[in-house]
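Structure first, then comments.
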Amino acid sequence: MLRFLPVLNVACLLIAVPAAAQTAGQTPASASAQPASGSTSASQPPPAPETPTRSLFDTTWHQFQFGGRFTSVDGDPARFQRYQDIRDGALFSDARYALEDPGGAWLLKTTADKVGWRDQHYSAEYERPGRFVISGLWDEIPQFYSVDTATPYTPAPAPLGLDDTTQRQIQNGQGTLSSYVPIASQFDLMERRDIGTVRVRATPTPQLDVTAGFRTQRHSGELPWGASFGFSNDVEVALPYDSRANDVTVGAEWNNSKNMFRVAYDGSWFDNLDPTLVWDSPLRLDDSTSAPGRGRSALWPSNSAQTVSAAGYTRFPRKTQLTGFVSFGFWNNDQPLQPFTINAALPQIALPRATTEGQANVVSSNLNLTSRPLPDWRFGARFRNYTYANHMPATSITQYVAYDSSVSTTPTGGPDLYAHDRTTFDADATWTRINPLALTVGYTHNANGYDARIFQSSGEDVLRVSADAVGSSWATFRVQYEVGSRNGSGLDQQALIAIGEHPEMRHYDLADRTRNRFSGQVDFVPSDLWMFSVSGGILHDDYSDTFFGLQESTARTFSLAADYHLPNGLGAGATYNFERYAGLQQSHEGDSSAAQFNDPLRNWTADSTETVHYFSIYVSPPRIGPNTEVRFVYDFSHAEGNYLQTIPAGSPITAPNQLPNVFNKLQQVHLDVRHRLTNRLAATLSYLYEPFNVYDFAFDPSVVNGIVQPSSLVLGYVYRPYTAHSAIVGLRYFF
Amino acid sequence: MRQMLWLAAIGFLTVAITAGAAGPGTTTAIAAAKAAPPPAAAQAAQPAPPSGYAGSDTCVICHSDKGDSLKGTPHARANNPRTPAAGHGCESCHGPGQAHVDDDAKGHILKLAQASPAEASQTCLACHNRGDHAGWEGSGHERRNLSCTTCHSVHSPKSTEKQLVKATQTELCATCHRTQVAKTERAVAHMPVREGKMSCTSCHNPHGSISNVKALKVGSSVAESCTSCHTEMRGPMLFEHAPVRENCATCHDPHGSSNDRMLAVRMPMLCQRCHIASKHPATLYDKDQITTNKSNRMFGRSCVNCHSNVHGSNHPSGQFYMR
């Protein structure tokens, strides 16, 4: 009933308003349709808002659709719905309404989609051209994880509790985790994000824009969350989550034909209304010096970021422009620090201070110069710097409590104060003498500095060449090749050793790397009927100086596309996309003893590959008779992952039993039929057939076959296939 | 309740503005006035176009379809002093047209379809030189010799908003960025693009970004762009996880992935690319750890079963992101 009320509300409004609009005058045409024939006076009947030449699939600014949705899902309904709400029921959607003053003094646009459903969306914009624009939207995004989930924990709000009797029984050895199965309740694991925005842009003078915006996000629901008490007591709970993020933007921009100057302030506040998670241990009720009865974890801290920025450009002779930007950001997290542990049986370690005192200053600056001093030449240069400076005070934490279970010594004596800065210089030159070809050569140098990383700095040089041929009516051509080399300096192997890492480990986001990348695309338009396109790309990253870690990463892509259009309205096309990704990494299995730590026979490699095939075909036949239009789309996506683990000959490591391939295959068949009943009314049928098949060993029901696993109490979240049929039958009204 | 208030507000706004528009008969009067042809004296009073300009009325004698296609579009809103309609009309973009009228060969006019990309773009940038368009010069698309007319059409757009040459933004971007668009179709983990909740321009400004890389429209880094929505990860945290602080794309594929949480590579392999401390991070987890031992380091959320605060922890015992 609750869902019907807004549906009826909006339906009544949008039916009543056109009646008033008929005396209000001119309304804007849709972009692809014949324009409205102008304003009307009260003494003449309004023109038919729809002419037979307009396609029923064209969206107009005077329409809405009312109908019913019917959905059948065999399998996992949560994965089918994921970010949408496709349950059965009345559906009011695709509502578009615009109204414009005949003299052009103002313009109003409104939209409403999926009214009353979990994924509903509304927007409105009012404009006085040349004076101001005010716009707003409200959008709801559900995320549906699973219907297979069950938990013996009491639902939110935290603390998440278990039955005390069961806890004590297990603690006393009179039960096992299986004791929770009969008392676990099924629930739908879901979360949602609601977003509301209001923006205003005022133009007090033709050269000056003043802007202001406000956005609020509410993110709430339950998330799957690891809440572990150690290897032998792994717990997954439905984390209750409720947060708000509010952003304010104000700015002003002045420009004339040669110059622009802009200033802005951005304020952002994130408020986590559930910053702490407390949950019962499934294995015991009472705290002890080796295990707790409860756990307590800090969740994402409330934080804020304030940024002021200025930007501008100025134009010089010879088609030269210099653009600049600078911003200063102040990030803050001063949330109270939790005690080291909730376990009352353990010694309470004194906190280093009462609050986080997390602070960071972020400074960013860009300069961009472009110039076309000669008819056949274009030059560009860019300088960019980004500095993240960590101003959190040095924090001494020499001991910590692992899993609320035992006191341990921290390997680093406290948090590392990560910070980094990046400086980029880039330049390129383009020659266009051989029209329509544009040949470009470019060079980029990246210089990065790090605090508390294994390298103090790194430098990367990239050379690129590209050729782009546009402007021809029958072919376009784009290719680019780049080669780059990154080298780190100031390697601190002691930092690796201090935390127990192998000194030959390299982190791939910093490690020495050689990159080769090629991409190209050619489009042929041999006639007005046909269009062909072929594209491809190769990426190869070689981390040749890395012994442990990612050693090589490759990507290959290839696509073909064809489109065919006849003047009688027939349209058809097909696209095939191929992707292959591979990554080779080396690791080492052994303890810290000298015998094992340096034994090369304990090294092992993992070669991960993924192959993806994507195919799409669409057909838009000519109009069937004067009043019926059909569209058909078929999409197919198949991705398969393979993991090959190898050990050297003679290794003391047990030979691996290779992991099974994982795959997911999605097909979608969309059939849309629209039939014009009158100039204002069309019957619509939209049908979706969607079979999905999946196998992932980590989430397969054969593995996660219940909420109780060896040493684990989980939610039972799995990947399951489904076959879904969903149809929307309705009437589309044009006014 | 909140939804009802929003709906009521939208409905009220619509009705109120409609009532205001139709109330005292102002627009009706304007409409009636416009319906009738202007008197001859009023027509004669139209100022003559400046020297070299033919006037839009002359242009549409031959190019009536082009003139009609502008009606109702932003370019035709004469109330906005920055639009062509408030200036020289057709000749605001195509240049003075008298010579073109007088020329039997019909040259002497800027034909944007035949202009160089830079020339075509400069035409548009004469007006579209602020806001989201201010970063065009030096942008990735400009450097690859695209022009405004590569993506937009003034006279024959296919979309209902932004005058695109394709019906939807996704279809347009997929013309060149097929791989990225294909990733948004990944079944397991993707941004809600195909559900219509996001689009390419939710994150990117195709006209270029003055402040950020990758044409990201918000912030000054990849991480700032991501945390503009995923604000809970912004921190700063007591215990930071370095790759999180520097670049979300180190671990995630922002367009879509076949791995849970849009990870570029599944766990534990992803984590094992940087962590091989003694024993368990670097243990070779094979099929037996799934079928026989059911290791909680392999099934479900793998490493994050325990290291749940992997994006950083604000807990004093959060050294290893387990609290």
Side-chain angles (χ1 to χ4, degrees), chain A residues 6 13 20 23-25 28-29 31 35 39 41 59 83-84 102 104 129-130 138 141 226 228 234 245 255 270 297-298 300-301 311 321 325 340 358 360 364 368 370 400-401 415 418 438 468 500 507 509 550 557 559 577 585 587 591-592 604 614 639 656-657 659 664 666 697-698 703 710 712, chain B residues 6-7 11 18 21-22 27 30-32 34-35 71-72 77 79-81 130 137-138 145 157 160 178-179 182 187-188 192 195 197 210-211 220 231-232 236 238-240 242 245 250 258 272-274 276-278 282 284 286-288 290 294 296 299 304-306 308 314-317 319 323:
Chain A
L13 283 171
T23 62
S39 59
S41 70
T59 300
Y83 295 113
Q84 50 192 344
W138 177 261
I141 308 175
S228 175
D234 173 41
N255 83 328
F270 170 74
S297 180
W300 305 284
Q321 177 172 315
F325 169 85
F340 277 83
S364 176
N368 190 346
T370 61
Y400 75 104
V401 180
Y418 292 113
D468 299 288
H507 301 145
D509 61 328
L550 181 64
T557 63
S559 73
N577 212 64
Q585 62 195 76
S587 190
D591 61 29
S592 58
W604 60 271
Y614 173 77
N657 188 355
L659 290 166
N664 62 85
L666 176 70
F697 50 76
V703 175
S712 302
Chain B
W6 273 102
L7 288 170
T18 305
T27 53
I30 293 173
K34 281 192 173 291
K71 289 179 183 176
R77 301 216 169 93
N79 280 59
N80 186 342
R130 62 176 70 180
E137 289 292 343
N145 224 27
T160 52
R178 290 217 181 90
T179 301
V188 173
E195 290 85 357
K197 290 300 181 180
I210 288 180
S211 64
S220 300
T231 329
E232 59 269 23
L238 182 66
F239 286 99
E240 295 275 5
R245 176 54 50 213
T250 299
S258 294
Q272 290 173 327
R273 289 183 173 183
C274 291
I276 60 164
S278 297
L284 200 165
D286 65 349
K287 185 178 178 181
D288 289 341
I290 286 286
K294 278 202 183 178
N296 51 27
F299 73 75
V304 186
N305 281 332
C306 293
S308 42
N314 216 55
H315 195 289
S317 292
Q319 172 97 47
R323 282 293 182 269

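Here is the naming used below: chain letters follow the sequence lines, and residue numbers restart at 1 for every chain.
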For this session: Calculate, to the nearest 0.5 Å, the distance between atoms CZ and SG belonging to B/Arg323 and B/Cys306 respectively.
Result: 9.0 Å
For this session: Please check if the side chain of B/Asn305 supplies one atom and the backbone of B/Asn296 the other of a donor-acceptor pair under 3.5 Å.
Result: yes
For this session: Tell me, for A/Ser592 versus chain B, whether the close heavy atoms (under 4.5 Å) come from the side chain, the backbone, both or neither.
Result: both
Exercise. Which bit of A/Ser228 is near chain B, if near means a heavy-atom gap under 4.5 Å: side chain, backbone, both or neither?
Worked result: both
For this session: Please confirm whether the backbone N or O of B/Ala282 pairs with a side-chain atom of A/Trp604, one donor and one acceptor, at under 3.5 Å?
Result: yes
Seminar exercise, completed: Under 4.5 Å to a heavy atom of chain B? For A/Tyr418 that would be side chain
Exercise. So which of A/Pro710, A/Ala311, A/Ala245 has the largest heavy-atom pair count under 4.5 angstrom toward chain B?
Worked result: A/Pro710
For this session: Name the region of A/Tyr614, side chain, backbone, both or neither, that has any atom closer than 4.5 Å to a heavy atom of chain B.
Result: side chain
For this session: List in chain and number order the residues that pass side-chain hydrogen bond (donor to acceptor under 3.5 Å, both in side chains) with A/Gln585, two or more places apart in sequence or in another chain; answer none if no residue qualifies.
Result: B/Arg273
Problem set entry | Pairs of heavy atoms under 4.5 Å with chain B: top-ranked of A/Gly358, A/Pro656, A/Ser712 | A/Pro656
Exercise. Is the side chain of B/Asn314 donor-acceptor paired with the backbone N or O of B/Leu238 at a distance under 3.5 Å, no angle test?
Worked result: yes
Problem set entry | Under 4.5 Å from a heavy atom of chain A, the part of B/Gln319 involved | side chain
Exercise. Taking every heavy-atom pair that is under 4.5 Å apart, which of A/Leu666, A/Thr370, A/Asp234, A/Ile141 has the most such pairs with chain B?
Worked result: A/Asp234
Exercise. Looking only at heavy atoms, what is the nearest atom pair of A/Phe340 and B/Ser317, with distance?
Worked result: O-OG, 2.9 Å
For this session: For A/Gln321, check side-chain hydrogen bond (donor to acceptor under 3.5 Å, both in side chains) against everything at least two apart and list the hits.
Result: A/Arg315, A/Thr323
Exercise. In terms of heavy-atom pairs under 4.5 Å with chain A, which of B/Arg178, B/Glu240, B/Gln272 leads?
Worked result: B/Arg178
For this session: Among B/Asn145, B/Asp286, B/Thr179, single out the residue with the greatest number of heavy-atom pairs under 4.5 Å to chain A.
Result: B/Asp286
Exercise. Relative to chain A, which of B/Ile290, B/Leu284, B/Asp288 shows the most heavy atom pairs under 4.5 Å?
Worked result: B/Leu284
Exercise. Are the side chain of A/His507 and the backbone N or O of A/Asp509 linked by a donor-acceptor pair below 3.5 Å?
Worked result: no
Problem set entry | Part of B/Val304 within contact of chain A (heavy atom distance under 4.5 Å) | backbone
